[in-house]
Amino acid sequence: MKQEIFVIKSQEKIAKDVFKMVLSGNTNDITAPGQFVNIKLDGFYLRRPISVCDYDKNELTLIYKTVGEGTAAMSKYENGTELDVLTGLGNGYDTSLSGEKPLLLGGGVGVPPLYNLCKKLVAEGKKPTVILGFNSADDVFYENEFKALGAVVYVTTADGSYGIKGFVTDAMSDLDYSFFYTCGPEPMLKAIYNVSKTSGQLSFEERMGCGFGACMGCSCKTKYGNKRICKDGPVLIKEEIIW
Amino acid sequence: MVDTSVSLSGLVLDNPIIPASGTFGYGYEYAELYDINCLGSFSFKGTTREARFGNPTPRIAECPAGMINSVGLQNPGVEKVISEELPKLKECFSKKVIANVGGFSLDEYAETCQMLESQEQVGLLEVNISCPNVHNGGMSFGTDPKMAAEVTKRVKAVTTKPIYIKLSPNVTDIVEIAKACEDAGADGISMINTLLGMRIDLKTKKPIIANKMGGFSGSAILPVALRMVYQVYDAVKIPIIGMGGVSTAKDVIEMMLAGATAVQIGAANLINPFVCKEIIEQLPEEMTKYNINSLSEIIGGAH
């Protein structure tokens, strides 16, 4: 973990209530896809934990949904705004577990951390298949970005207004895969856990205090002992999860 | 050269800055970020006789200028703290640590303190009779002067280390409880724990915290803490470790003027993990600005 100042390079709305923000700054402490950053916002006491969508040496891409007053305020920040960011938080996904044909399943704002993961898997010569689940056509984002990485992409919407009608689990039943990676709302994670045919890594969300393992605000029980979602997670392996 | 040192019942600290229990774990998460030997001391995560998972999540809710937590004394239990956490801490912290002890019965408080008695790393015991997040214990000892005195007597009987009783602000008269602890032999008072609070989610129309209520801390509570430290300083002769909403070097000076000998920093660590180090670096400059040569000379200066 490091505390760094990042500068907003660009910010755009890419779906209903969903914003893509590109920041410049030192990303050295980000070591795995699926990690997150924790951003201080003026006028709000706690930082806002946001998963890393993509990064290179000097640039960080975040995609977030305006779910409350803090993220709504952040979406109005102008280019050039400096942000106090704690980077390189959490464990992230482990690409060495993927096998040849990993399946990536993202739900809503659970989609962004899978992007850098997909990029890394492709770079390692793996053949990822991606299922992106949304509520409605207005919510869909990043379908083409994942396709551009070379992945096979399916999109599901709960109301059937775009792609396959239903949930991500409706699109995965006929697929052949070696391992799965997922991030999204907990009911989705649980549904995937129940129908998946292989092992996998699931990324969880919890209300956090510090984001770096000090306050015990986001603890959960696992078969491998108590874990802090922020520090020992957010990514847990299927076999350790207790629902 | 200004003098930032203070003394808590014979335990001399280079400076009065002590990260508060529950915001600093057992130290080593922060030791990865900076050399924590710059601290006066720190108060480790509230430890009970048995291991505890704590409360269900969500345990955290944001507030204007503060936060609510309902962790519920999650800790590995005193045996593991002694066998695993303290040896790990020794590698990154060479000073004496403050052992924060929680409990659910008089026997439990006494047994946990007795086990920590033999630990030379522990300089002082901070006995938490004010946790708002556990039932059948915690705060119930801290809201009744007779019970507070009873806990004090029991732990004093089993240890030679200084005993500081950590008090709850969720009482009608904190002065009465502080006096009861002093009369029962407490070496000092640690105050204040968090204020019982609540937030409600407008979407679900239910409390955000799974346990419904939790402890409110952060800058918003500084004035309440200052007022209570000021009142207790007037009524007792034993030293006070002051805390509650402190997040700057100026706040530290204010807390000491109210009557604190040392000052704990809590929630502020969670927002800025470097805050204690920054305060320690800023203190000499702030002291010079306000014509203070020695911090120990300003304790209770506002009276």
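The sequence lines fix the lettering, A, B, ..., with proteins before strands; numbering per chain opens at 1.
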Practice problem: Considering non-hydrogen atoms only, spot the tightest contact between A/Leu132 and A/Phe141 and give its length. | Solution: CD1-O, 4.0 Å
Quiz prompt | Heavy-atom pairs under 4.5 Å with chain A, option from B/Gly25, B/Ala65, B/Pro56 with the top count | solution = B/Ala65
Quiz item: A/Leu86 versus chain B, heavy atoms under 4.5 Å apart: side chain, backbone, both or neither?
Solution: side chain
Practice problem: Please state whether the side chain, the backbone, both or neither of A/Lys221 comes within less than 4.5 Å of a heavy atom of chain B. | Solution: both
Self-check item: Largest heavy-atom contact set with chain B, pairs under 4.5 Å, which of A/Met1, A/Lys40, A/Arg207
Solution: A/Arg207
Practice problem: Using non-hydrogen atoms and a 4.5 Å limit, figure out which bit of B/Phe274 sits close to chain A: side chain, backbone, both or neither. | Solution: side chain
Exercise. Between chain A and each of B/Gly54, B/Ser219, B/Cys63, count heavy-atom pairs under 4.5 Å; write down the option with the most.
Key: B/Ser219
Quiz item: What part of B/Pro273 gets closer than 4.5 Å to chain A, counting heavy atoms only: side chain, backbone, both or neither?
Solution: both
Quiz item: Between B/Asn269 and chain A, which part of the residue has a heavy atom less than 4.5 Å away: side chain, backbone, both or neither?
Solution: backbone
Practice problem: Using atom types as modelled and distance alone, determine if a side-chain donor or acceptor of A/Thr222 lies under 3.5 Å from a backbone N or O of A/Asn226. | Solution: no
Quiz item: Judged by atom type as modelled, is there a donor-acceptor pair below 3.5 Å linking the side chain of A/Gln201 to the main-chain atoms of A/Tyr181?
Solution: no
Quiz prompt | Region of B/Ala267 in contact with chain A, defined by heavy-atom distances below 4.5 Å | solution = both
Quiz item: Sub-3.5 Å donor-acceptor pair from the side chain of A/Gln11 to the main-chain atoms of A/Tyr77, do we have one?
Solution: yes
Quiz item: Can B/Glu79 and B/Arg49 be counted as an ion pair, charged N to O under 4.0 angstrom?
Solution: no
Quiz item: With respect to chain A, which residue among B/Gly27, B/Ala61, B/Gly66 yields the maximal number of heavy-atom pairs within a distance under 4.5 Å?
Solution: B/Gly66
Exercise. For B/Glu62 and A/Leu46, indicate whether the former's side chain and the latter's backbone hold a donor-acceptor pair under 3.5 Å.
Key: yes
Quiz item: Any idea which heavy atoms bring A/Cys220 and B/Phe53 closest together, and the distance?
Solution: C-CE1, 3.7 Å
